[in-house]
Each structure stands twice: as C-alpha cells, then as structure tokens.
Visitor: 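To start, I am sharing the structure in question, which I have written as structure tokens.
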Amino acid sequence: GMETRCGSNCFCFLRRPSNGLSATPMPADTESKKDVAVLRLPDGKEVEIPIRRPTYGDDYFLDLSTLYRDAGCFTYDPGFTATASCESAITYIDGGKGICLYRGYPVQDLVEQSSSEDVAFLLLTGELPTEEQRSHFLEEVKNHRLVHERVKAMFQNFTLNAHPMAIMVAVVGGLSSIFSELDPFNSDHRWLACTRMIAKIPVLACMAYKTSIGQPLMYPKSKLNCAENFLYMMFATPMEEYEVNPVAAKAINAFMILHMDHEQNASTSTVRIAGSSQANPYACIAAGIASLWGPAHGGANEAVISMLAEIGSRDKVRQFVDDVKAKKDGVRLMGFGHRVYKSYDPRAKVMKKLVEEVLRELGVNDPLLEVAQELEKTALTDEYFIKRNLYPNVDYYSGIMLRAIGIPTSMFTVMFAMSRTVGWVSQWKEMFINNQMKIGRPRQLYRGTAPREYPQSMRRDAGYPQRPVLARRATSSDDWSKTQAMREESSGDLPRHMIGRKNSGFSKTPPPVLR
C-alpha cells in the first residue's frame with residue numbers, strides 16, 4: 001500500500017487491490033470493500049477507514065464518519081479544504097481540469113443552448129424538461145411571481161440608500177412568517193417552497209433595488225421570461241413603456257445559468273447546515289444570502305471593478321502587477337484564483353466571450369475592459385502567477401458585463417443571490433430526498449484556558465452585587481469596549497485583513513458605548 005506520515009508516531013496508508021484505484025464511473029453503492037485506508041495511531045493501534053468513490057471523477061474520499069468511535073480522535077480541517085460534508089448529484093467540479101457540470105451537462109453548453117428556466121428545472125429534478133414539463137413549470141413559476149401584500153409592505157420600513165443585500169436578508173427571512181405552514185418532509189410542500197423562491201426572489205431583488213433608490217416598485221409581466229422580467233422590474237417606471245433589450249436579456253440569462261450552483265461553497269454549505277436543523281426553508285435561504293454577502297464570496301465581482309478603477313489605465317497595469325508581487329500594503333489582485341480551480345475557470349471563459357459580445361452589441365466603450373484584458377494578459381504570462389495557479393475566475397469579467405447593461409455595483413451580489421437561489425433550493429431539496437438530515441455539528445480544537453476556580457474576591461451573594469453599580473458616562477480614556485477591541489487587535493484575535501476595512505463591521509476605533 002501507499003504510506004503517509006501524519007504525525008510524530010502516526011501513519012496512514014492505503015490498502016488497494018492489485019489493479020489500484022480506478023477512475024472508471026461506477027455506482028456509489030458498489031464500492032470495493034478491499035479499498036481501505038489504515039490509520040496507525042501512536043499507541044500502535046490500527047484503524048481501517050473505508051474509501052468511498054464518486055460515480056464520476058478521479059477523487060476518492062476517506063469515510064471518517066465513525067473515526068471517533070473507532071479511534072477516539074477527530075480530524076482538523078479549517079475551512080473544510082479537504083472535507084466532503086455530504087453526497088450530492090447536482091454539480092460536479094474538477095478544478096485541475098477546469099470542468100464544471102450541472103447534472104452531467106457542461107455549464108458552457110447550457111449557457112449556449114438552454115434557458116435559465118430549463119436549467120432551473122434540470123437542477124431541481126435531474127433532467128431537462130420535456131415540452132409538457134416545460135410548459136407546466138413555466139406556468140407554475142409565473143403564478144408564483146406575485147408578492148404577498150404583507151411582504152410588499154416590508155419594503156416601506158427600509159431607509160433610503162439601504163443596501164439591497166441587507167433588504168434581501170430581511171425580506172427573504174420574513175417570507176417564513178408568511179409561509180409558515182410548510183412541512184419539509186412533505187414532497188409537495190418541498191416542491192412548492194422551491195418554485196416559490198425561484199419565482200419570487202428575482203422579484204424581491206428588483207423591489208430591493210427600487211426601494212434603495214426611492215422609485216416605485218414594478219410588478220412582473222406574464223408575457224416576459226425570467227431574464228426579461230428582471231430587466232423590466234429593474235429599469236421600468238410607471239411614466240413610460242420600457243422595451244427589454246434582447247442582448248441584455250441574453251446576458252442576464254447567461255449570468256443566471258453560470259451562477260446557479262457551484263457545489264458546496266460557503267453559502268450553499270450554510271443553507272445545508274441551516275436545513276439540517278429542519279428550519280423553515282425561507283429562513284435557510286436567508287442564511288445563504290447573508291453568507292453570500294461577504295466580499296470573499298459573492299462580493300468578489302464588485303471588488304474587481306474597484307480594483308480595475310484604481311488601476312485606471314492599461315499603462316499602469318505593469319506597476320500594479322509589480323506591487324502585487326511585492327505584497328505592497330493595500331494592493332490585492334481580485335478576480336484571480338479559486339479555492340477549487342487550479343486552471344482556468346470554465347465559467348470565466350464563457351463570461352469573457354460574453355462580455356465582449358455584450359459591449360460590442362450595445363455599443364458600450366468601457367475603458368475598464370481594456371484594463372482587465374491587459375491585466376489578464378500580463379498575469380497569465382508572469383511566472384509568479386503561473387506557479388501559484390492564479391487564473392481569472394467568473395467574477396473577473398462579470399462586473400464589466402453588468403456595468404454595460406446598467407446594473408449598479410450595489411446590485412452585483414444581489415444578482416448572484418438571485419441566481420444561486422436555484423442551486424440553494426435544489427441542494428436543500430436533495431437533503432430531504434436522500435435523507436441526509438444529520439444535523440451539522442463540527443468539532444473544534446480547543447485553545448482556551450484549562451479548568452480554574454472562580455476567584456474568591458469576585459464572589460457575590462445570591463447572584464446580586466454587594467454594592468450598587470453607578471451608571472457613568474463613557475469617556476475616551478475609560479471605555480471598556482475600546483480597550484477590549486485594542487486588546488484583540490494587538491493579540492491577533494481579530495483577523496488583520498478585517499481591521500479597519502470599510503463596511504466590514506470592524507473598526508480600529510469603536511464608537512463610544514453609552515451606559
């Protein structure tokens with residue numbers, strides 16, 4: 001077998017059949033019982049760990065679900081870089097080869113030959129719809145696009161200039177108060193929840209935008225498809241008729257397909273963990289939206305636009321690249337690299353071709369496209385980036401395309417959430433169908449204080465203070481929250497890259513606390 005050292009006195013090796021581990025597609029339930037990994041612990045004990053293989057692909061997985069029972073130890077994998085939390089038949093990714101499949105179909109083929117509604121049906125059911133199924137599904141989604149008046153009333157409570165993602169988190173979570181009767185173990189109820197969210201969340205996304213700019217809300221039209229309705233609700237007003245540009249509609253359709261699902265990313269895992277507690281599905285999706293909001297996830301395309309704007313012109317690209325390589329403070333290369341892909345993101349190839357087509361057809365001359373193309377060319381021929389497998393991802397060009405259509409940067413992440421909703425509800429639905437309902441409960445490697453006794457000087461009688469504590473005004477020199485924040489910063493408890501970041505919720509100088 002193959003032996004790997006995993007500790008000072010701990011080894012792990014694989015026992016294989018003579019023909020080795022095969023990458024030939026095979027049903028998951030016919031895995032060879034001869035393929036096991038053997039973990040040798042420091043005390044000499046050996047534990048056999050079953051090896052599980054997918055129905056397609058070269059990877060194999062060590063089944064550690066009974067490791068604590070059999071070996072009395074846990075695994076440590078921050079960020080789940082090498083951990084599969086579930087089984088899924090929805091999306092397949094091979095990061096080394098640059099492959100992304102939805103239910104077996106290459107995502108680029110779906111963009112070129114299908115519609116967002118057909119791909120939504122595919123992710124939900126596993127197969128592309130027949131003509132009869134398509135007709136029924138489109139009618140069902142159309143009927144669910146109307147928004148309950150109580151939900152519409154929620155938008156009146158948000159202030160002008162409220163971020164659309166903040167509105168989305170609140171309103172989608174609020175849907176659970178309107179549709180609280182759902183039984184997630186009932187297949188009809190599950191399908192109803194999925195189709196409702198696929199239909200309503202694009203409508204709510206546009207309402208969030210209209211609310212943020214103070215314009216009246218626009219209702220969808222039954223004669224328009226999903227992409228066309230999105231553009232209509234975003235840009236139409238009651239004052240005049242709005243004609244949807246077919247080039248823009250095609251671009252939105254492609255954007256939605258490219259972003260519908262992407263295996264077990266941060267937001268999808270959040271939806272699954274929330275769903276594992278059997279929470280209301282609308283609350284689960286709201287949790288996914290909150291996770292997606294972060295700049296390290298759904299906000300990446302907005303960060304790319306900011307980076308390109310800071311570079312400014314093609315002649316400044318080389319200096320920017322040199323600053324990135326020198327790790328100059330405050331300079332980061334956005335839109336390159338991916339946790340999964342170690343080659344060119346297949347979605348990025350589609351997006352690059354699409355953005356050039358959209359700008360050409362719409363007659364838009366965006367100087368940022370020239371900067372982006374020059375930066376990509378420079379980075380892909382530089383040994384520094386080649387060694388680190390840094391290639392453009394789907395976020396690199398998508399922001400430029402959205403700008404050309406007229407989508408404001410504040411809506412970039414909302415559009416991501418609107419598209420990813422299809423994947424989220426498909427993953428949530430799959431959990432129940434496959435009975436993968438064990439509640440998510442990760443372990444931790446404790447680094448805190450050992451057991452200690454409560455100090456005698458701090459003891460209180462019957463749980464009450466011995467003397468009254470007088471309220472006093474906080475001052476800059478006597479502010480506990482400020483002192484605590486500085487202590488965390490100096491000790492490294494707060495991630496350095498988050499300190500002082502605009503809109504991050506963290507600041508070097510916390511506001512005074514009124515007592």
Side-chain angles (χ1 to χ4, degrees), residues 21-32 50-65 80 82-111 113-114 116-130 133-134 137 184-185 187 190-191 193-195 197-198 256-276 281 284-285 288 339-341 346-347 419-438 440:
L21 283 174
S22 173
T24 303
M26 59 181 293
D29 57 355
T30 60
E31 294 162 353
S32 172
I51 294 175
R52 305 191 65 179
R53 291 182 284 178
T55 54
Y56 177 77
D58 299 326
D59 296 326
Y60 55 89
F61 298 78
L62 305 182
D63 187 346
L64 303 177
S65 57
F80 308 112
T83 299
S85 61
C86 65
E87 293 181 353
S88 180
I90 298 173
T91 299
Y92 171 80
I93 297 172
D94 187 326
K97 297 178 181 178
I99 297 173
C100 179
L101 308 178
Y102 289 172
R103 300 287 192 178
Y105 294 99
V107 66
Q108 57 268 31
D109 291 352
L110 294 172
V111 168
Q113 304 176 36
S114 193
S116 60
E117 292 89 348
D118 284 1
V119 178
F121 187 91
L122 170 69
L123 293 182
L124 278 174
T125 67
E127 299 293 339
L128 289 167
T130 63
Q133 289 172 330
R134 178 187 292 110
F137 183 66
F185 291 95
S187 60
R190 287 197 301 268
W191 181 260
C194 293
T195 52
M197 281 188 273
I198 290 173
M256 293 183 66
I257 293 174
L258 289 172
H259 289 81
M260 276 188 181
D261 195 60
H262 207 233
E263 211 209 42
Q264 303 307 312
N265 49 77
S267 57
T268 301
S269 298
T270 299
V271 171
R272 275 186 171 263
I273 288 181
S276 72
C284 296
I285 301 305
R339 169 73 71 84
V340 175
Y341 295 111
R347 303 170 302 163
S419 308
R420 186 56 57 86
T421 294
V422 176
W424 288 337
V425 297
S426 299
Q427 298 270 353
W428 174 82
K429 176 172 169 282
E430 184 183 54
M431 288 176 59
F432 287 88
I433 292 176
N434 293 347
N435 195 29
Q436 298 185 59
M437 294 305 299
K438 182 177 289 188

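The chain is numbered in sequence order, starting from 1. Values in this document were obtained by computation on a predicted structure and should not be read as measured data.
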Visitor: For the OG atom of Ser419 and the CG atom of Leu258, what is their distance to the nearest 0.5 Å?
Guide: 9.0 Å
Visitor: Run the side chain to side chain contact (heavy atoms under 4.5 Å, CB included) test against Glu263 and tell me which residues pass, sequence neighbours left out.
Guide: Ile93
Visitor: Is any side-chain heavy atom of Val425 closer than 4.5 Å to a side-chain heavy atom of Ile198?
Guide: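 Yes, close enough: below the 4.5 Å cut-off.
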Visitor: Could Asp59 and Arg52 be called an ion pair, given the rule that one side-chain N must be under 4.0 Å from one carboxylate O?
Guide: no
Visitor: For Met431 versus Gly275, what's the shortest heavy-atom pair and its separation?
Guide: CE-C, 3.7 Å
Visitor: Identify the heavy atoms of Tyr92 and Asp58 that sit nearest to each other, and give their distance.
Guide: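 Result for this residue pair: OH-N, 4.4 Å.
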Visitor: Not counting sequence neighbours, which residues clear side chain to side chain contact (heavy atoms under 4.5 Å, CB included) with Ala89? List them please.
Guide: Arg103, Glu430
Visitor: Taking the side chain as C-beta and beyond, is there a heavy-atom pair between Ile285 and Val271 under 4.5 Å?
Guide: yes
Visitor: Using 0.5 Å steps for rounding, measure from the CG atom of Leu128 to the CG atom of Leu122.
Guide: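 Reported to 0.5 Å precision, the distance equals 5.0 Å.
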Visitor: How long is the gap from CG on Asn434 to OG on Ser88, to the nearest 0.5 Å?
Guide: 8.0 Å
Visitor: Checking Asp94 side chain against Gly96 main chain: does a donor-acceptor pair fall under 3.5 Å?
Guide: yes
Visitor: Looking at side-chain heavy atoms only, is the closest gap between Arg420 and Met260 below 4.5 Å?
Guide: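 No - every pair of side-chain heavy atoms lies 4.5 Å or more apart.
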Visitor: If you measure from CE on Met256 to OG1 on Thr421, what distance do you get to the nearest 0.5 Å?
Guide: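 Met256 atom CE to Thr421 atom OG1 measures 8.5 Å (nearest 0.5 Å).
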Visitor: Answer yes or no: is there a side-chain heavy-atom contact under 4.5 Å between Lys429 and Trp191?
Guide: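 Yes, at least one pair of side-chain atoms sits under 4.5 Å.
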Visitor: Is the backbone N or O of Tyr60 less than 3.5 Å from a side-chain atom of Arg53, with the two atoms forming a donor-acceptor pair by type?
Guide: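 The answer is no, because no donor-acceptor pair under 3.5 Å joins these two groups.
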Visitor: Check for a donor-acceptor pair, side chain of Gln436 on one end and backbone N or O of Glu87 on the other, with a separation under 3.5 Å.
Guide: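 Such a contact is found between Gln436 side chain and Glu87 backbone.
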Visitor: Mind checking the OG-OH spacing from Ser426 to Tyr102? Nearest 0.5 Å is all I need.
Guide: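 So the OG of Ser426 and the OH of Tyr102 are separated by 10.5 Å.
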Visitor: When you measure from the side chain of Ser276 to the backbone N and O of Met437, does any donor-acceptor pair fall under 3.5 Å?
Guide: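 Checked: no pair found.
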Visitor: Which pair of heavy atoms, one from Gln133 and one from Thr130, lies closest together, and at what distance?
Guide: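 Closest approach of Gln133 to Thr130: OE1-N, 2.9 Å.
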Visitor: Are Pro184 and Trp428 close enough that some pair of their side-chain heavy atoms sits under 4.5 Å apart?
Guide: yes
Visitor: What are the two closest heavy atoms between Ile257 and Leu110, and how far apart are they?
Guide: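 Taking every non-hydrogen atom into account, CD1-O, 3.8 Å.
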Visitor: Any side-chain heavy atom of Ile51 sitting closer than 4.5 Å to one from Phe61?
Guide: no
Visitor: CG of Asp118 to CD of Glu127: how many Å apart, nearest 0.5 Å?
Guide: 13.0 Å
Visitor: For the residue pair Leu124 and Arg190, establish whether any side-chain heavy-atom pair is separated by less than 4.5 Å.
Guide: no
Visitor: Do Asp261 and Gln427 pair up side chain to side chain, a donor and an acceptor below 3.5 Å, judged on atom types alone?
Guide: yes
Visitor: Within the distance-only criterion (no hydrogens, no angle test), does the side chain of Thr83 pair as donor or acceptor with the backbone N or O of Phe80 below 3.5 angstrom?
Guide: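 No, Thr83 side chain to Phe80 backbone: no donor-acceptor pair under 3.5 Å.
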Visitor: Does the Asn265 side chain pair with the main chain of His262, one donor and one acceptor, at a distance under 3.5 Å?
Guide: yes
Visitor: With a 4.5 Å heavy-atom cut-off, do Val422 and Val119 have their side chains touching?
Guide: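 Not in contact.
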